[in-house]
Amino acid sequence: MTKAKGKLFIKTFGCQMNVYDSERMGEALAGAGYVSTDSPENADLVILNTCHIREKAAEKVYSELGRLKKIKTAREKEGHGTTIAVAGCVAQAEGREILARAPVVDLVVGPQSYHRMGDLISRTGQERDGIIDIDFPEDDKFKHLPARPSASRAPSAFLTVQEGCDKFCTFCVVPYTRGIEYSRPVCEIIEEAERLVQAGVREITLLGQNVNAYHGEGGKSEPWSLAQLLRALAEIPELLRLRYTTSHPRDMSEDLIALHGQEEKLMPYLHLPFQAGSDRVLAAMNRKHTREEYLELVKRIRIARPDMALSTDIIVGFPGESDDEFARTMEMVRQVEFAQAYSFKFSARPGTPAAAMEDQVADEVKSARLQELQVLLSAQQAAFNASCVGRRFSVLFERPGRRTGQLVGRSPYLQAVHADGHESLIGSMIEVEILGAGPNSLEADIVNGAKSAVIAAE
Ligand code: SAM
Ligand code: SF4
């Protein structure tokens, strides 16, 4: 048995890929003897897994480090040591600067080297100035991480299949923080998915910065596409649902579109960022797709799967964006009608081409545009939710709700759904009727057949 090394607290900032990385770090450190705790005050090792995508996200890390400094000092007075590690994209982008700005940090680890975390931590006591590992190692980190544990897990899980990006959108730090595009081999992904399913997982969301650019080694022949990978995963019998995110419009291949009309396990929800509605802005962003191409693509997707719920990312106030250009973004949103969306003010990121562009848009203008856009997006989301009232569909229940006797799950379209039911239904797909809709969730009733399963279980 591994000797207990101490308590571990991980705080995750940013995207789902960071959520996945934190899980894998936690699992690797559990194998090395760390037990997780839910408060930094009790932790011998604190890891901040960070995000650098916008300035606000990066700055949050430094305010968190200020808080941790106080905790470390208080624990020292009680005779306990605390190791503080900064992992993820801020670690990659700022490296040594973190140690200079926050000397409380013992270790800085980039997103491609966290499989070495255990060894690095054991060296922290010996090196006075802090340790930095922000290499892009030749070798795939996934090969060095322990297999996913078999202990029982929640019904829905993330699985990273692709990392990094070569597209170099002019506003984005990802190609610099996560490195070049890399796809994990098919056999590694299938093995991980099978282990997750054995641990009780019923829905897997495949993750990648550009997940639909997936082209992993599949054995003898050509690299496999994302559609091929999804088809193979759909053959795992107890795996009931598949999703993938985030997709780039340029990589939405015909076989992937067609699969949405063919594979029942593939959910009718697609996150497809368009970023801006003006062709001039799209070109300046280096998106390599036009407004018309995006709209055409949406049409083809809706032919393959007429009930597809679309989600997107939009940036307002990209350098030089005029009122008319912003109006094109609003128009685009009206044309597509999104079920959900994420919208952001352009944030100048050091080292990216857009940060050095002239004509930066004033913050008040960005705020006003964002507000106008978000009013429209919220109305579309509410309308989509309202359109579900009276419909029946299956929900995968994931956890108990706040109220006793209540369960929370997800609809095929990724909406949160609340319904009364027995806890034994968690992990099952149950048919429900939608009774009501709020801005962010649905209320439902479990339909007859499934209700008797509830009664039988009681
Ligand atoms: N790969 C995806 C794509 O191409 O659409 C996006 C991944 S990125 C991690 C997530 C979102 O953050 C982007 O779609 C974009 O809307 C937003 N984002 C990235 N850089 C940004 C910046 N500098 N300012 C504001 N938003 C930004
Ligand atoms: Fe960033 Fe996505 Fe563009 Fe890649 S494709 S640079 S991840 S926004």
Side-chain angles (χ1 to χ4, degrees), residues 12-21 49-59 88-90 92-93 111 158 160-183 205-214 226 244-252 270-277 281-289 293-294 297-298 310-321 326 329 332-333 336 338 340-357 360-361 363 365-367 369-370 373-374 377:
T12 308
F13 299 83
C15 66
Q16 293 147 322
M17 296 192 70
N18 269 9
V19 173
Y20 175 84
D21 286 344
N49 192 11
T50 61
C51 170
H52 200 248
I53 200 85
R54 284 168 290 277
E55 191 181 355
K56 239 192 205 163
E59 280 309 313
C89 294
V90 175
Q92 190 65 43
F158 294 134
T160 293
V161 301
Q162 180 277 329
E163 280 208 277
C165 180
D166 294 343
K167 294 210 163 45
F168 290 93
C169 298
T170 54
F171 52 80
C172 185
V173 288
V174 168
Y176 313 97
T177 57
R178 289 270 175 172
I180 55 162
E181 202 179 283
Y182 167 75
S183 297
T205 303
L206 304 183
L207 299 180
Q209 263 95 19
N210 262 296
V211 72
N212 58 342
Y214 178 84
L226 184 66
Y244 58 93
T245 196
T246 292
S247 296
H248 193 288
R250 278 186 56 99
D251 294 317
M252 211 57 218
L270 181 65
H271 185 62
L272 194 65
F274 79 84
Q275 313 295 0
V281 174
L282 285 170
M285 285 177 162
N286 193 31
R287 286 294 289 178
K288 298 199 173 80
H289 60 82
E293 282 164 352
Y294 185 92
L297 178 60
V298 167
L310 286 170
S311 152
T312 199
D313 289 344
I314 303 167
I315 296 178
V316 300
F318 186 81
E321 185 189 65
F326 169 65
T329 295
M332 184 101 163
V333 172
V336 178
F338 291 98
Q340 219 210 327
Y342 301 88
S343 47
F344 314 100
K345 290 198 265 185
F346 168 74
S347 169
R349 308 308 293 126
T352 60
M357 286 178 187
Q360 297 286 326
V361 174
D363 194 54
V365 177
K366 286 190 216 172
S367 298
R369 286 180 189 167
L370 187 66
L373 175 62
Q374 288 184 340
L377 292 171

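Read the numbers this way: they start at 1 and go in the same order the structure lists the ligands and their atoms.
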Quick one, Phe168 with Tyr176, criterion ring-ring contact (aromatic ring centres under 6.0 Å, His included). Give me CA distance, side-chain angles, the key distance, then yes/no.
CA-CA 9 Å; Phe168 290 93; Tyr176 313 97; 5.6 Å; yes

Given Ile53, Ile314, Asn210, identify the one with the heavy atom nearest to atom 9 (C) of ligand 1.
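Among Ile53, Ile314, Asn210, the closest heavy atom to atom 9 (C) of ligand 1 belongs to Ile53.
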
Quick one: [atom1] on [X] to [atom2] on [Y], what's the gap to the nearest 0.5 Å?
X      : Y      : atom1 : atom2 : answer
Phe318 : Met285 : CZ    : CE    : 5.5 Å
Cys51  : Met17  : SG    : CE    : 12.0 Å
Asn210 : Ser183 : CG    : OG    : 9.5 Å
Tyr214 : Tyr182 : OH    : OH    : 8.5 Å
Thr160 : Gln209 : OG1   : CD    : 8.0 Å
Asn212 : Met252 : CG    : CE    : 6.0 Å

Those atoms of ligand 1 less than 4.0 Å from some heavy atom in [X]:
X      : value
Arg349 : 23 (N)
Thr246 : 2 (C)
Phe346 : 24 (N), 25 (C)
His248 : 4 (O)

What I want to know is whether Ser247 and ligand 1 share at least one N or O pair that is separated by under 3.5 angstrom.
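Not met; the criterion fails.
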
Between [X] and ligand 1, find which residue part has any heavy-atom pair under 4.0 Å and reply side chain, backbone, both or neither.
X      : result
Gln209 : backbone
Phe171 : both
Arg287 : side chain
Arg54  : side chain

Measure the distances from the heavy atoms of Arg178 to every atom of ligand 2 and state whether one is below 4.0 angstrom.
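Flag not set, Arg178 not near ligand 2.
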
Would you check if [X] and [Y] make a side-chain contact, meaning some heavy-atom pair closer than 4.5 Å?
X      : Y      : value
Arg178 : Cys165 : no
Phe346 : Ile315 : yes
Lys167 : Cys172 : no
Ile53  : Val173 : yes

Relative to each other, are the rings of Tyr294 and Phe338 parallel, tilted or perpendicular (30° and 60° limits)?
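Judged by the thresholds at 30° and 60°, the geometry between Tyr294 and Phe338 is tilted.
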
Is Lys345 in contact with ligand 1, taking contact as a heavy-atom separation below 4.0 Å?
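Per 4.0 Å heavy-atom rule, Lys345 contacts ligand 1.
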
Show, in sequence, the C-alpha distance, side-chain angles and deciding distance for Ser343 and Gln374, and conclude whether the side chain to side chain donor-acceptor pair (under 3.5 Å) test is met.
CA-CA 7 Å; Ser343 47; Gln374 288 184 340; 2.9 Å; yes

Closest protein heavy atom (residue, atom, distance) for [atom]:
atom                    : value
atom 16 (O) of ligand 1 : Gln275 OE1, 2.8 Å
atom 11 (C) of ligand 1 : Asp313 OD2, 3.3 Å
atom 24 (N) of ligand 1 : Ser347 N, 3.0 Å

Which of the numbered atoms in ligand 2 are below 4.0 angstrom from a heavy atom of Phe171?
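Those of ligand 2 that fall under 4.0 Å from Phe171 are 8 (S).
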
Atoms of ligand 2 less than 4.0 Å from Arg287 heavy atoms?
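Heavy-atom distances to Arg287 below 4.0 Å select 3 (Fe), 8 (S).
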
Has Glu59 got more than 12 heavy atoms of other residues, nucleotides or ligands less than 6.0 Å from its CD?
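Enclosed: over 12 neighbouring heavy atoms sit under 6.0 Å from CD of Glu59.
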
Show all protein N/O/S atoms under 2.8 Å from atom 4 (Fe) of ligand 2, or state that there are none.
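N, O, S partners closer than 2.8 Å: Cys165 SG.
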
Are any of the protein's heavy atoms under 4.0 angstrom from atom 27 (C) of ligand 1, yes or no?
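Answer yes: something from the protein, a heavy atom, is under 4.0 Å.
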
Step by step, work out the side-chain contact (heavy atoms from CB on, under 4.5 Å) result for His248 and His289.
CA-CA 10 Å; His248 193 288; His289 60 82; 3.9 Å; yes

